[in-house]
Amino acid sequence: MTLTAPPSSPSTERLRALVRTSAEVIARYQDAGGAYPASPTFSAYRGYAWLRDGSFTAEGMSRYGDVAGVDRFHAWAAGVLTARRAQVDRIAARAAAGEDVPLTDLLPTRFLLDGSDGQDPWWDFQTDGYGMWLWQLVTHADRHDRPLEPYREAAAVAVDYLCATWDRPCYDWWEEHVEQRHPSTLGAVRAGLLAAASAGLLDEARADRARSVAEAAAALVAASGVTVGRASDPAAPHLAKWCGSDTVDASLAACVVPFGLAPVGSPLAEATLDAVARDLDVDGGVHRFRADVFYGGGQWLLLSALLGWNHAVAGRTDEAWTQLRWVAAHADPATGEMPEQVPDHLLHPASRAEWLDRWGTVARPLLWSHGMYLILADELGLLDPAPEDVR
């Protein structure tokens with residue numbers, strides 16, 4: 001169902017202007033303490049930061065060249081983790097003893113901007129963000145020759161937490177299906193553990209354990225996280241939304257780029273990206289999954305950029321430009337601010353009103369959308385080689 005006419009394709013000048021605008025939006029709303037708030041005005045997100053959103057936002061700003069801002073984000077995240085050293089030690093000890101640690105005793109998914117736990121109820125226990133933070137920390141340090149020594153303790157906390165909880169069912173990227181184990185989550189966990197182990201952030205014993213868990217996560221996905229698709233659609237084997245599922249989720253693209261669970265160009269990677277595009281990409285705008293009812297199940301800018309990132313790395317530049325232009329076309333024409341999703345093509349339009357009544361209009365700006373635009377713009381050569389300070 002189309003609710004609005006698609007906007008016209010933006011010019012190259014507009015695409016370049018949105019690069020700077022995206023960096024300015026992210027810098028403007030970054031908290032003084034370093035956190036990247038998910039969305040500064042949206043009712044359900046206001047005042048909170050996720051490691052998942054923040055890590056991708058940081059990747060975009062690292063590529064843009066805001067080294068100081070990304071350093072502040074990592075210092076904030078490190079503080080969040082080191083403050084929870086004792087809690088993680090208790091979780092690890094209980095898990096090692098075979099105890100079923102309840103969700104309420106595990107680390108939260110999101111944090112207040114000062115790094116403390118929020119009091120608002122949420123769908124907590126998601127491990128992907130902890131792996132993503134490790135991956136981005138190492139990626140940023142490699143890109144800009146930044147020291148990793150200040151992050152040793154925080155990295156150890158993140159690794160210990162992931163090693164204690166990696167194989168538990170948990171909420172996915174979308175705070176759904178806590179009863180399942182998700183290849184998108186396992187791919188992020190694996191990438192973070194391997195990054196930390198390879199960067200010399202960990203002592204030898206902890207690095208060995210991180211590599212062992214990363215290998216086990218990959219084996220779990222290989223054993224139960226791959227499907228041949230629906231019986232009516234006998235596609236090549238591809239990654240599944242969750243282990244044992246026969247459906248697809250757009251977040252699976254991250255298992256190829258950037259997390260490498262399915263190597264770029266491999267049959268599994270190509271089949272997964274084909275499945276995402278076939279099931280979820282409509283004219284450049286990418287849905288989360290077919291059963292999505294959140295705000296009617298619209299198209300997400302950050303997922304369009306994620307798929308475009310994969311296309312760009314694989315050499316499918318025409319497809320990557322299509323995704324970039326679609327994202328840019330949905331930025332606010334006056335402010336350049338980007339929303340979380342748009343209602344051009346809704347999968348379940350009857351459900352949209354429920355969410356509008358509950359939480360108001362869709363999040364805008366969503367910093368994750370802007371961060372992903374920067375990443376894809378960089379892949380396509382649109383970032384300035386030496387940007388000025390965006391503050």
Side-chain angles (χ1 to χ4, degrees), residues 51-52 55-56 58-59 74 77-78 81 88-89 91-92 95-96 101 106-107 109 125-142 148 151-173 180-226 237-244 249 251-269 272 310 313:
L51 292 178
R52 176 175 54 247
S55 295
F56 280 112
E59 174 64 11
H74 286 303
L81 287 160
V88 169
D89 286 344
I91 292 168
V101 185
L106 299 171
L107 298 188
T109 291
F125 186 46
Q126 298 167 40
T127 53
D128 51 50
Y130 296 91
M132 291 171 185
W133 176 72
L134 289 166
W135 160 80
Q136 209 299 301
L137 172 68
V138 174
T139 300
H140 174 65
D142 286 347
L148 285 172
Y151 302 102
R152 284 187 176 278
E153 182 181 358
V157 174
V159 166
D160 289 352
Y161 184 62
L162 292 175
C163 288
T165 62
W166 73 273
D167 59 345
R168 288 187 54 150
C170 68
Y171 289 107
D172 62 10
W173 281 31
Q180 304 294 346
R181 294 186 291 188
H182 310 275
S184 295
T185 294
L186 293 164
V189 168
R190 173 185 174 273
L193 292 174
L194 290 178
S198 66
L201 267 171
L202 310 173
D203 61 78
E204 185 175 352
R206 191 173 268 119
D208 286 345
R209 188 174 183 209
R211 293 188 187 97
S212 177
V213 169
E215 182 178 344
L220 174 59
V221 173
S224 60
V226 177
H238 60 79
L239 294 172
K241 180 172 173 58
W242 61 72
C243 293
D249 189 292
S251 64
L252 290 168
C255 290
V256 184
V257 173
F259 298 136
L261 179 63
V264 173
S266 67
L268 180 61
T272 298
N310 274 270
V313 171

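Because the structure is predicted, anything quoted here is derived from the model rather than measured.
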Inset, instruction - Begin from the C-alpha positions of Leu137 and Leu201 and carry the test side chain to side chain contact (heavy atoms under 4.5 Å, CB included) through to its verdict. - result: CA-CA 11 Å; Leu137 172 68; Leu201 267 171; 4.0 Å; yes
Is there a donor-acceptor pair under 3.5 Å between the side chain of [X] and the backbone N or O of [Y]?
| X | Y | answer |
| --- | --- | --- |
| Thr165 | Tyr161 | yes |
| Thr272 | Leu268 | yes |
| Arg211 | Ala197 | yes |
| Ser224 | Val221 | no |
| Arg152 | Gly200 | yes |

Inset, instruction - For the pair Asp172 and Lys241, evaluate side chain to side chain contact (heavy atoms under 4.5 Å, CB included) and give the outcome as yes or no after the intermediate values. - result: CA-CA 9 Å; Asp172 62 10; Lys241 180 172 173 58; 3.7 Å; yes
Do the side chains of [Y] and [X] get nearer than 4.5 Å, heavy atoms only?
| X | Y | result |
| --- | --- | --- |
| Asp249 | His182 | no |
| Leu51 | Met132 | no |
| Thr185 | Cys170 | yes |
| Glu59 | Thr139 | yes |

State, to 0.1 Å, how close [X] and [Y] come at their nearest heavy-atom pair, and which atoms those are.
| X | Y | result |
| --- | --- | --- |
| Ala95 | Ala164 | CB-O, 3.8 Å |
| Pro183 | Cys243 | CD-N, 4.0 Å |
| Ala196 | Val159 | CB-CG2, 4.1 Å |
| Ala141 | Leu148 | CB-CD2, 3.6 Å |
| Val101 | Ile91 | CG2-O, 4.2 Å |
| Val138 | Ala195 | CG2-O, 3.7 Å |

Inset, instruction - Nearest 0.5 Å please: distance from the CG atom of Leu162 over to the CZ atom of Arg209. - result: 10.5 Å
Legend entry - Spatial distance of atom SG (Cys255) from atom CZ (Arg190) [nearest 0.5 Å]: 9.5 Å
Inset, instruction - Output yes when Arg181 and Asp167 qualify as a salt bridge under the 4.0 Å nitrogen-oxygen rule, no when they do not. - result: no
Legend entry - Criterion side chain to side chain contact (heavy atoms under 4.5 Å, CB included) on Arg168 and Leu106, from CA distance to verdict: CA-CA 11 Å; Arg168 288 187 54 150; Leu106 299 171; 3.9 Å; yes
Legend entry - Verdict with supporting geometry, Val226 and Leu239, side chain to side chain contact (heavy atoms under 4.5 Å, CB included): CA-CA 4 Å; Val226 177; Leu239 294 172; 4.1 Å; yes
Legend entry - Thr127, Leu193, Leu186 screened by side chain to side chain contact (heavy atoms under 4.5 Å, CB included) with Trp166, the one that passes: Leu186
Inset, instruction - Give me the ring orientation class for Phe56 and Trp173: parallel if the planes are under 30° apart, tilted from 30 to 60°, perpendicular past 60°. - result: tilted
Inset, instruction - Hey, can you tell me if Tyr151 and His74 have their rings parallel, tilted or perpendicular (30° and 60° cut-offs)? - result: perpendicular
Inset, instruction - Please determine, by modelled atom types, if Gln136 and Ser55 share a side-chain donor-acceptor pair under 3.5 angstrom. - result: no
